[in-house]
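Atoms considered below: every heavy atom in the structure, side chains included; atoms not considered: hydrogens, waters and symmetry mates. Note that the structure is predicted; figures quoted are calculated from it, not measured.
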Amino acid sequence: MRYRIPRYLNEQVRFVGLQSDEFIIVLLSFYFCAIFRFQWMVLLLNLSMVAAFVWLNRNFPRGFIRHVAYFSGFYKFAHYPEFFANRFVE
């Protein structure tokens, strides 16, 4: 039995044409729509959010969404200095 090394080692796993994190977002939006019994407003909102996430994920570098969340104040990087720190004590 031969073992084949993957061609692109850093590439994420793809499932149904979506990357793993995109596929999880699609599943979560489906479950969220199921909770609200597929009302048209919730369905449109979820579809637009999934489309925006996929577009941002494919057109910007890795970590872009996390950095936007950081600058908006929704996320904090652990073990890193604050953005405006200009003096560091080692």
Undergrad: Which value, rounded to the nearest 0.5 Å, describes the distance between Arg62 atom CZ and Asn57 atom CG?
TA: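 Interatomic distance, Arg62 CZ to Asn57 CG, rounded to 0.5 Å: 10.0 Å.
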Undergrad: Group every Ile, Leu, Val, Met, Phe, Trp and Tyr by side-chain heavy-atom contacts under 4.5 Å, then state whether Leu47 and Leu45 land in the same group.
TA: no
Undergrad: Just wondering, are more than 12 heavy atoms of other shown residues or ligands nearer than 6.0 Å to CZ in Phe74?
TA: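 Atom CZ in Phe74 is not packed in, count stays at 12 or less.
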Undergrad: So if you build clusters from Ile, Leu, Val, Met, Phe, Trp, Tyr with side-chain heavy-atom gaps below 4.5 Å, do Ile24 and Leu27 land together?
TA: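 In one cluster: no.
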Undergrad: Got a sec, which pairs hit side-chain hydrogen bond (donor to acceptor under 3.5 Å, both in side chains) with one end in residues 26-55, sequence neighbours left out?
TA: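 Listed by first then second residue: nothing to list.
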Undergrad: Report yes if the side chains of Asp21 and Phe53 come closer than 4.5 Å at any heavy-atom pair, otherwise no.
TA: yes
Undergrad: Is there a chain of hydrophobic side chains (I, L, V, M, F, W, Y, each step under 4.5 Å between heavy atoms) that links Val54 to Phe64?
TA: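 Yes, because Val54 and Phe64 connect within a single hydrophobic cluster, where side-chain heavy atoms sit under 4.5 Å apart.
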Undergrad: Are Leu56 and Leu28 linked, directly or through other ILVMFWY residues, by side chains that come within less than 4.5 angstrom of each other?
TA: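 Cluster IDs for Leu56 and Leu28 differ.
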Undergrad: Only pairs at least two apart or in different chains count here, so list each side-chain hydrogen bond (donor to acceptor under 3.5 Å, both in side chains) that has a residue in residues 63-79.
TA: Lys76-Glu82
Undergrad: Can you measure from CG (Leu43) to CZ (Phe36) and round to the nearest 0.5 angstrom?
TA: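 Going from CG on Leu43 over to CZ on Phe36, the span is 13.0 Å.
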Undergrad: Consider only side-chain heavy atoms of I, L, V, M, F, W and Y, link residues closer than 4.5 Å, and tell whether Phe32 and Ile25 are in one cluster.
TA: no
